[in-house]
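In what follows, a single structure is set out as structure tokens and then discussed.
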Number of protein chains: 2
Amino acid sequence: MRKKRITIEDVALEAGVHASTVSRALNPGKRALVSDVVAARVAATAQRLGYTPDPVAAGLRTRRSATIGILIPDIANPLFPPILRGIEAALAEAGYTAIIANTDNDALRARDALERLAARRVDGVILATVSRRDPLLDRCRKLGLPVVLVNRSTGGGATSAVLTDDEAGAALAVRHLALLGHRAIGHVAGPQRLSTGAGRRSGFVAARRAVGGESGPPPIAEAASYGIEAGAHAAAALLAAHPRITAIVAANDLLALGCYDEARRRGLACPRDISITGFNDMPFADRFDPPLTTVRIAQRAMGVEAARLLLAEIENPRSPKREIKLQPELVVRGSTAQPRGPSLTVPRRSR
Amino acid sequence: MRKKRITIEDVALEAGVHASTVSRALNPGKRALVSDVVAARVAATAQRLGYTPDPVAAGLRTRRSATIGILIPDIANPLFPPILRGIEAALAEAGYTAIIANTDNDALRARDALERLAARRVDGVILATVSRRDPLLDRCRKLGLPVVLVNRSTGGGATSAVLTDDEAGAALAVRHLALLGHRAIGHVAGPQRLSTGAGRRSGFVAARRAVGGESGPPPIAEAASYGIEAGAHAAAALLAAHPRITAIVAANDLLALGCYDEARRRGLACPRDISITGFNDMPFADRFDPPLTTVRIAQRAMGVEAARLLLAEIENPRSPKREIKLQPELVVRGSTAQPRGPSLTVPRRSR
DNA sequence: TTGTAAGCGTTATCAT
DNA sequence: ATGATAACGCTTACAA
């Protein structure tokens with residue numbers, strides 16, 4: 001005797017009705033089409049028999065899989081798990097399931113992953129990987145796949161997105177440093193092909209001007225990627241070109257860690273000789289040595305909003321594209337302090 | 001005109017053959033049943049038309065979804081992403097896709113997630129969540145679902161599993177500390193309902209005896225969970241009961257972080273006044289303050305092996321259950337040092 | 001070697 | 001309000 005799965009037919013037989021009636025009775029949207037008494041009986045027998053509808057079969061008929069795809073660069077990057085948890089929480093409420101694919105920041109792998117998700121007939125995708133002007137978006141459009149971007153966006157606003165106000169975040173960091181008395185503030189920028197890299201950079205430039213930093217072109221070095229090594233390289237270039245810098249605004253926490261390394265290599269103590277700020281407030285940023293002053297972004301909330309937006313677009317493909325910008329918040333820890341020499345104010349510290 | 005998806009029928013028409021022939025030509029396992037020339041023609045037209053087989057429809061017929069479910073406690077716990085990457089790498093090779101569910105260490109949520117995965121007709125599951133004697137396993141058996149455990153195991157060995165040699169790992173830590181000259185070594189144990197908690201504890205006890213630690217019952221405090229807070233509480237209890245302790249072996253890195261906190265609270269500098277070791281070597285453990293001496297486990301390899309084991313069991317449900325134990329390795333960093341006072345050897349350091 | 005036809009479990013459409 | 005029927009896209013005996 002081998003495993004026999006219980007189908008809608010079994011329930012129909014047992015309840016003395018037709019399969020289509022069972023389908024209606026069990027389908028929230030159509031329960032109204034069936035008499036209360038029958039609906040109750042069907043529900044009861046389904047329960048008793050331990051019937052679980054087969055979403056695969058249903059999906060074949062309805063062309064909806066109740067599944068959405070998520071593209072992220074790398075799940076091992078601590079920035080993403082909280083976003084994913086947010087997405088999943090919102091999806092679960094609606095009975096949807098997520099399939100996650102890692103792209104390792106590789107356009108080819110991203111393309112590949114997208115095709116695989118499309119082949120699986122996902123109802124929509126959330127992309128955390130896009131660069132500015134990313135071919136992935138055209139591909140989604142061609143596939144008729146609803147899309148929402150999260151964290152990063154493209155140039156054109158023809159796609160819904162949930163983002164951080166990167167300009168404002170960078171400004172937060174700059175103002176904090178300025179308030180501590182820093183005047184020579186540099187920036188280790190993220191890749192400029194990514195919206196976060198570009199946004200934080202322009203936020204830095206604007207804020208620096210606003211707080212009346214030193215004149216001349218802003219001291220900036222662009223990192224090749226959002227990694228520790230890349231951050232160290234950029235910091236090296238920055239400090240070589242601008243030795244008088246007393247503070248660095250890094251475009252994310254990993255780059256900040258790279259700045260730690262380079263500072264140490266040069267015998268510069270942080271924060272005594274140089275202040276460093278990060279961006280994202282990734283998990284364990286408070287455990288670094290020194291604890292990292294950084295700009296906290298609303299990771300989980302971004303995920304939740306992105307999922308909601310996507311579900312809305314799946315529900316109604318003609319719904320207007322929205323772009324939500326979440327405000328970041330400064331978290332002051334131990335990696336920033338007054339510059340050596342005369343200073344004006346005393347900073348508060350928090351954990 | 002609305003979106004029209006290309007089906008096997010379209011390819012058949014275009015290639016001048018029957019749909020079943022297309023199916024055979026495109027199915028690696030049955031390509032042999034079709035003449036080379038036809039196979040080539042079919043492949044070409046499929047390519048040209050941009051045909052992608054619908055795995056949902058195929059799955060309906062074959063009762064296989066080419067999907068496997070993964071239950072983990074929490075993806076935000078840095079221990080798991082590397083395991084997941086390993087799993088996914090191995091699955092991708094075989095054309096399988098993973099669906100990940102977080103349980104938050106909650107048996108009810110775990111049960112729920114399992115049912116949802118089963119409803120999705122996953123071909124098998126990998127469980128990273130099991131406690132010793134977990135009802136989830138019976139449920140899987142009842143569902144006829146192939147299972148592989150990863151990282152944690154249950155009591156009985158009726159299930160395949162990929163684990164770390166936890167006893168050996170704990171012994172590594174104890175011997176390292178003993179070599180540094182520590183004699184009063186305590187243990188902040190993980191939850192004893194989890195195999196990792198139990199295994200590391202017994203490894204600690206055995207190794208302590210082997211290195212000739214102080215007589216009397218071993219100084220151990222059990223943490224309620226694998227979290228920082230829980231670690232701090234346990235450390236507090238441990239130090240209160242055994243004030244002369246000069247070193248703590250924590251059952252994982254998060255617990256070690258809790259020990260850091262408690263030590264600091266008591267004005268104990270690590271490693272000067274107290275040495276602390278972790279377990280897992282989670283990402284960024286080298287960035288903690290101080291950098292954590294810990295027992296590194298083969299996270300990615302565990303994932304790869306688990307996936308392989310599962311695929312084998314799916315392939316052949318009667319294949320023997322295997323239990324693979326991977327050997328951990330000690331990573332010496334800055335959280336361990338000779339105890340104050342006379343000592344015997346000088347430790348090496350690595351990053 | 002290839003075609004025929006049935007069927008996987010569900011839901012949508014059309015009758016009644 | 002419910003039943004009958006076809007269809008979703010694919011695979012697989014079985015027939016030719």
Side-chain angles (χ1 to χ4, degrees), chain A residues 2-43 45-46 49-67 95 118-123, chain B residues 2-43 45-46 49-67 95 118-123:
Chain A
R2 49 182 218 287
K3 281 264 142 57
K4 199 50 192 322
R5 96 165 324 280
I6 293 140
T7 77
I8 203 171
E9 194 70 39
D10 301 325
V11 179
L13 250 51
E14 188 78 10
V17 295
H18 193 268
S20 45
T21 305
V22 175
S23 173
R24 287 188 276 252
L26 263 29
N27 213 304
K30 330 227 140 154
R31 199 201 310 274
L33 299 178
V34 116
S35 78
D36 284 1
V37 48
V38 169
R41 182 150 42 94
V42 167
T45 38
L49 265 43
Y51 166 70
T52 36
D54 187 330
V56 169
L60 182 57
R61 187 66 237 256
T62 59
R63 319 214 54 33
R64 320 174 88 245
S65 57
T67 298
R120 296 240 166 213
R121 306 291 183 261
V122 295
D123 295 334
Chain B
R2 50 181 218 288
K3 281 266 144 52
K4 202 43 194 328
R5 98 167 323 283
I6 294 141
T7 76
I8 203 170
E9 195 71 38
D10 301 325
V11 179
L13 249 50
E14 188 77 9
V17 296
H18 193 268
S20 52
T21 305
V22 175
S23 172
R24 288 188 274 251
L26 262 31
N27 211 305
K30 328 228 142 154
R31 199 201 310 271
L33 299 179
V34 112
S35 77
D36 285 0
V37 48
V38 169
R41 181 150 43 94
V42 167
T45 39
L49 265 43
Y51 166 70
T52 37
D54 187 328
V56 169
L60 183 57
R61 184 68 235 261
T62 59
R63 320 213 51 34
R64 321 176 88 245
S65 57
T67 297
R120 297 238 165 214
R121 307 290 182 262
V122 296
D123 296 334

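Just so it is clear, the structure is predicted and the values come from calculations on it, not from any experiment. Chain naming here is simple, since letters A, B, ... match the order of the sequence lines and numbering starts at 1 in each.
Residue contacts shown for A:Pro53 are limited to sugar-phosphate atoms, with no base heavy atom under 4.0 Å away. If you check every strand for non-hydrogen atoms under 4.0 Å, A:Val17 touches sugar and phosphate atoms only. Residue contacts shown for A:Val56 are absent, as no nucleic acid heavy atom lies under 4.0 Å away.
For DNA chain D, the contact window with chain B, defined by any atom under 4.0 Å from a protein heavy atom, covers D:dG9 to D:dA13 in 5' to 3' order.
The distance from the CG atom of B:Leu49 to the OG1 atom of B:Thr7 is 9.5 Å, given to the nearest 0.5 Å.
The main-chain N or O of B:Ala15 is found under 3.5 Å from a side-chain atom of B:Arg41 such that the two form a donor-acceptor pair. Side chain of B:Thr52 to backbone of A:Ala119: no donor-acceptor contact under 3.5 angstrom is found. A:Arg61 places no side-chain N or O within donor-acceptor distance of the main-chain N or O of A:Gly59, the cut-off being under 3.5 Å. A donor-acceptor pair is defined here as one N or O able to donate and one able to accept, closer than 3.5 Å; no such pair exists between the side chain of B:Asn27 and the backbone of B:Arg24.
With distances taken from any side-chain atom of A:Ser23 to the nucleotides C:dT2, C:dT4, C:dT11, the minimum falls on C:dT11.
One donor-acceptor pair, N or O on each side, does fall under 3.5 Å between the base of C:dT4 and the side chain of B:Ser20. Judged by distance alone with a 3.5 Å cut-off, no donor-acceptor contact links the side chain of A:Arg61 to the base of C:dT10.
Mapping A:Leu60 and B:Ala19 onto DNA chain C via the closest heavy atom, the residue that lands nearer the 5' end is B:Ala19. Both A:Asn27 and B:Arg24 lie close to DNA chain C; mapped to their nearest nucleotides by heavy-atom distance, the more 5′-ward contact belongs to B:Arg24.
Look at A:Thr7 and you won't find any side-chain N or O under 4.0 angstrom from OP1 or OP2 of C:dG9. The phosphate of C:dG3 (OP1 or OP2) has a side-chain N or O of B:Thr21 nearer than 4.0 angstrom.
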